[in-house]
Amino acid sequence: MTHDITYQNALSLLRGRINESLLSLLEEYPACEELRLRAGMPISITIDGKNILPGISFSEEELREILFELCDHSIHTHEETLCRGYMMIGNAIRVAVSGQAIVHQQAVTAIGKIYCLTIRMPHSPPCTNDPLTQKLLETDFSQGILLFAPPGVGKTTQLRISASAVASFPHLRRTVLMDTRGELFDSTLMKNALIDRMEGYPRDVGMEIAIRTLAPQLIFCDEIGDAIEAQAILAMQNTGVPLVASAHAANAYELWQRPPLRLLLDAGVFRLCGRLRRENGIFQIEWRENKMHGTEKWIC
Amino acid sequence: MEGKQNAWNGEMDMLNVIGLFLVAATTTSFGMIYARGLRIRVRVMESILLLITHIRVQIDGFRTPLRELYCHYHDAVLSETGILEALRLGGFTVALPRIRMYMEDEDVEILERLEEQLGKTSTREQMQSCLQAEQSLSTHLASEKEALPQRMRLYTTLGVCCGILLDIILI
């Protein structure tokens, strides 16, 4: 399934999975970025950051039925991701699910009541320029790179394009895609690439398996940030495999404020950090060298 | 004249014998068809049991979506009976009326309970439901299998006996 899907493709993916009234609503608003359904409350549509209320509401029971349909009558297929608050439709449309969590041993094991479903629609064609691969080429694929930006800028898209480029002719690097959320891989884009895909693995477990068994030359990983992941990344830092990762942060200061990321920057896992921006459909990365790792602080 | 009468009587006797033979053959056939129906019921039950085991393994090991699971599943008995096609159309919800044609009400109830859980609950709950259904169905299947040869003989014999009885009445 390709990620470069248009709004119309997304609608056809949803056809048969959501009821006709919602589908016609999405057809009525082709610029819709997000459709948010709340139990017992009005639904909203987000267009260009503004929220519109079309005057429809659903009960909790109806939301449950919609979720069941979105899961193609197989909740078990999406169980792991649902417990983490989302599900993917055809590896292309993300649906955020929130409700009443059932917690067992400090982990969410199920969702009791469904309070909100947010269907995120693809709304603009992705950027196709690739400053990240340029930088990887300049450094001869030898340095770890951390890409950061707020949500929605296109970190995943940039990582996907770059992973595909470095793993394809003429570079042909053995590349592991740590695709925990099933969002990075694109079967069309990566058709002829040397990509080893690891979908759904917790990153710490996946990293270890990748290093020990797949002998990668590069690892791509989306949205790192928790402490366990940081420890796993630290454990692999001297294995000679550079990591190209992304993280949520609006600026370098925010990046520095997150302890797991600070740990990685201090340890010198990432020699380069890049703030990603998208202007007029073109990716721009503002590079910053992480020279001050080790005992000295990384200056923002 | 008497010769003609004798020939007429002889033809009538022959027709009577043929008629009696046909009556006996029909009832015997009914008995045999019913006995074959019993065998098909057992085969359907075996196939359903295998399907539930397959569903359990696929859900537990691969989290396979049910629609995909039914599409890739092959079973000659379920195909012949049209159950597999119904499953592919809409899962157990659509297939249950067809299954009801081949299985006892008690067994269909087990499948109805399974259908309420399948695809709608957590993996653990679905596994438990599958295991429960498998246990109940295999107990029933074992007793059905044990009684099958005896019942098949019984229905075939009953068919023959009914034919003979009807023949005696008609004579």
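Hydrogens, waters and symmetry mates are skipped; everything else that's a heavy atom, side chains included, is used. So you know, we letter chains A, B, ... as the sequences are listed, proteins then strands, and number each from 1.
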How about [X]: does its [atom1] atom have over 12 heavy atoms from other parts shown lying under 6.0 Å from it?
| X | atom1 | value |
| --- | --- | --- |
| B:M32 | CE | no |
| A:Y201 | OH | no |
| A:E28 | CD | yes |
| A:R120 | CZ | no |
| B:Q128 | CD | yes |
| A:Y115 | OH | yes |

If I take atom [atom1] from residue [X] and atom [atom2] from residue [Y], how far apart are they, to the nearest 0.5 angstrom?
| X | Y | atom1 | atom2 | answer |
| --- | --- | --- | --- | --- |
| B:T123 | A:E79 | OG1 | CD | 3.5 Å |
| B:L118 | A:I75 | CG | CD1 | 12.0 Å |
| A:I102 | B:S122 | CD1 | OG | 9.0 Å |

- Item | Exam field: side chain A:S74 to backbone B:G119, donor-acceptor pair closer than 3.5 Å | no
- Query: Which pair of heavy atoms, one from B:I59 and one from A:H76, lies closest together, and at what distance?
  - Reply: CG1-NE2, 3.7 Å
- Here the pair of heavy atoms bringing A:T77 nearest to B:T64 is OG1-C, 3.7 Å
- Counting heavy-atom pairs under 4.5 angstrom with chain A, the leader among B:E125, B:K120, B:E68, B:R124 is B:K120
